[in-house]
Amino acid sequence: MHALTEEQKRRRWLALGVVSLIYVLSFFQRFAPAGIAQDLAASFQTSAASLGVLAATYFYVYTVMQIPTGILADTLGPRRILALGGLVGGAGSFLFGFAPTLDLALLGRTLIGLGVSVTFIAMLKLIAVWFEENRFATLVGVCMLIGNLGSVLAGAPLSGLAQATGWRGVFIGVGVVSLVLGALCWLIVRDSPAGTTQHAARVDRTVVLSGLLAVLRNRSTWPAALTNTGMSGAFFTFAGLWATPYLMQVHGLARPVAASHLSLWFGGFAIGCLFVGTLSDRLGRRKPVLIVASHLYLAIWLVWLSGVALPLAASYALFGLMGLATAGFSLTWACAKEVNPPLLSGMSTSVANMGGFLAGALLQPLVGWVMDLGWKGEMLAGARIYDLDTWRHGVLVVTLCAALGAVASWRIRETRCRNIWSPA
């Protein structure tokens with residue numbers, strides 16, 4: 001890392017600030033269906049399986065775009081893809097807000113997923129290029145903390161605003177913000193500090209495929225990717241759609257109380273990302289932190305699987321603790337980056353990041369399909385109601401996903417917070 005001028009230091013923080021705001025929108029769009037699940041079911045008169053597909057459409061395209069985004073971040077640079085992503089995501093948000101039918105809503109969610117899919121990997125690339133290596137996990141944690149404001153807003157605040165003004169206007173407003181932030185990216189973000197060796201250190205397009213194959217063939221990449229798949233996949237599946245209906249139907253909570261549980265999960269996750277990243281960097285260890293977090297996370301899922309009645313204070317506490325434990329998967333990006341060539345940081349982090357979104361894409365509709373199999377025909381305000389046994393079947397799918405993350409964490413390669421890759 002070459003010494004930067006004062007102007008370059010100021011620019012890197014300004015650029016990271018703008019990208020962090022786009023990341024806020026990314027989180028909001030990811031989890032918004034959970035806060036308005038009942039509204040969407042009523043608006044489009046849809047089953048749980050179809051509602052799962054609507055929410056998961058975001059994850060389908062996000063998953064497909066992870067490796068291409070890593071390649072684009074390493075070749076075209078973050079600036080171009082962030083600006084274009086803001087434009088596409090804004091258009092998708094407009095379409096989703098105005099959609100009169102489920103098909104158009106699906107198309108809108110697809111464009112939203114396509115637009116925001118570039119944000120996170122581009123942000124990691126900026127941090128890797130502009131900041132010192134031993135600050136990587138800490139800065140990722142800070143950005144996750146900021147980004148999670150979007151997930152907190154997608155809980156109780158969105159639910160309350162949707163009840164007061166309607167959910168459609170919210171997404172139209174978000175589309176306007178997306179366009180503005182995309183323009184700011186073009187004006188402010190730069191791919192690398194001009195005049196340093198990093199400026200010339202882009203991956204040659206002719207060796208992109210060989211670079212990607214090197215990351216995929218590296219056995220040390222996959223434990224981090226599988227841990228991410230299990231932990232974040234369970235998070236995206238449940239928090240992205242099913243958490244609020246589960247709390248309302250299984251635990252008998254009012255909608256605002258259920259939504260506040262979701263916001264607490266997101267808030268705990270946001271704080272946990274900062275805490276976990278900072279703790280790991282200070283300890284100089286990755287693996288022990290991941291093992292503890294993933295096993296605590298799994299233990300809490302077993303509580304939700306049981307469906308046991310809890311005092312309100314206990315359910316709040318568990319959701320907050322689950323948020324802190326969920327944050328453990330934020331270390332998987334550093335684990336993948338530190339066992340691969342530094343020049344391929346975009347590709348290595350995108351491979352690690354892909355599994356969680358693939359799991360969310362597959363499991364959101366799968367949970368809905370499993371629950372539809374046990375549906376007894378009960379309806380309330382146009383939305384289906386499910387009994388405890390049926391919910392247990394759906395939550396079991398998510399719990400098994402979390403178990404995958406806990407098992408894979410034992411295979412993580414310890415890097416001691418530095419890049420340990422060396423040519424074969």
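Every heavy atom of this structure was used, including side-chain atoms; hydrogens, water molecules and symmetry mates were not. In what follows, residues are counted from 1 in the order of the sequence shown.
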Under a 3.5 Å distance rule, please check whether [X] uses its side chain to pair with a backbone N or O of [Y] as donor and acceptor.
{"X": "T63", "Y": "F357", "answer": "yes"}
{"X": "W333", "Y": "I121", "answer": "no"}
{"X": "Q249", "Y": "Y386", "answer": "yes"}
{"X": "E338", "Y": "I420", "answer": "no"}
{"X": "T390", "Y": "W375", "answer": "no"}
{"X": "S409", "Y": "T227", "answer": "no"}
{"X": "T119", "Y": "V116", "answer": "yes"}
{"X": "N419", "Y": "N340", "answer": "yes"}
{"X": "R11", "Y": "I188", "answer": "yes"}
{"X": "S178", "Y": "V174", "answer": "no"}

* Using ring-ring contact (aromatic ring centres under 6.0 Å, His included) as the criterion, point out the one residue from F266, F269, W265 that pairs with F319. => W265
* **Pair D191-R80, salt bridge (charged side-chain N to carboxylate O under 4.0 Å, His left out): steps then yes or no** => CA-CA 9 Å; D191 295 334; R80 293 176 178 84; 3.8 Å; yes
Tell me, do [X] and [Y] make a side-chain contact under 4.5 Å, heavy atoms counted?
{"X": "S26", "Y": "Y58", "result": "yes"}
{"X": "L25", "Y": "V177", "result": "yes"}
{"X": "R286", "Y": "D281", "result": "yes"}
{"X": "Y297", "Y": "F329", "result": "no"}
{"X": "F120", "Y": "V19", "result": "no"}
{"X": "L114", "Y": "T110", "result": "no"}
{"X": "E414", "Y": "R285", "result": "yes"}
{"X": "N228", "Y": "N353", "result": "yes"}

* Count the heavy atoms of every other residue, nucleotide or ligand shown that sit under 6.0 Å from OH of Y316, and state whether that count exceeds 12. => yes
* **Flag if over 12 foreign heavy atoms under 6.0 Å of CH2, W369** => no
Reported [atom1]-to-[atom2] distance for the pair [X] and [Y], which is rounded to 0.5 angstrom:
{"X": "L318", "Y": "I300", "atom1": "CG", "atom2": "CD1", "answer": "5.5 Å"}
{"X": "N148", "Y": "C273", "atom1": "CG", "atom2": "SG", "answer": "5.5 Å"}
{"X": "L126", "Y": "M123", "atom1": "CG", "atom2": "CE", "answer": "9.0 Å"}
{"X": "R411", "Y": "L226", "atom1": "CZ", "atom2": "CG", "answer": "11.0 Å"}
{"X": "T69", "Y": "K125", "atom1": "OG1", "atom2": "NZ", "answer": "13.0 Å"}
{"X": "T349", "Y": "L124", "atom1": "OG1", "atom2": "CG", "answer": "5.0 Å"}

* Quick one: is the NZ or CZ of R30 closer than 6.0 Å to the six-membered ring centre of Y62, and within 45° of its axis? -> yes
* Asked: Is it true that the NZ or CZ of R79 lies under 6.0 Å from the centre of W186's six-membered ring and within 45 degrees of the ring axis?
  -> yes
Nearest heavy-atom pair of [X] and [Y]: which atoms, and what distance?
{"X": "F171", "Y": "A32", "value": "CZ-CB, 3.6 Å"}
{"X": "W301", "Y": "A402", "value": "CD1-CB, 3.7 Å"}
{"X": "G268", "Y": "L324", "value": "O-CD2, 3.4 Å"}
{"X": "M231", "Y": "A325", "value": "CE-O, 3.4 Å"}
{"X": "I22", "Y": "C185", "value": "CD1-SG, 3.1 Å"}
{"X": "P341", "Y": "W421", "value": "CG-CE2, 3.4 Å"}

* **Steps toward side-chain contact (heavy atoms from CB on, under 4.5 Å) verdict (T229, L358)** => CA-CA 8 Å; T229 299; L358 177 60; over 6 Å; no
* Test side-chain contact (heavy atoms from CB on, under 4.5 Å) applied to L145 and V142, step by step -> CA-CA 5 Å; L145 174 64; V142 171; 5.5 Å; no
* **Full working for side-chain contact (heavy atoms from CB on, under 4.5 Å) between D103 and L107** => CA-CA 6 Å; D103 288 341; L107 179 58; over 6 Å; no
* Assess whether side-chain contact (heavy atoms from CB on, under 4.5 Å) is satisfied between L216 and T221, documenting all intermediate values. => CA-CA 7 Å; L216 294 175; T221 301; over 6 Å; no
* **Test of ring centre spacing under 6.0 Å for Y246 and F238** => yes
* Apply salt bridge (charged side-chain N to carboxylate O under 4.0 Å, His left out) to the pair R392 and D387, showing each step before the final yes or no. => CA-CA 9 Å; R392 280 188 179 134; D387 60 22; over 6 Å; no
* With no hydrogens and no angle check, do the side chains of H251 and W391 hold a donor and an acceptor under 3.5 Å apart? -> no
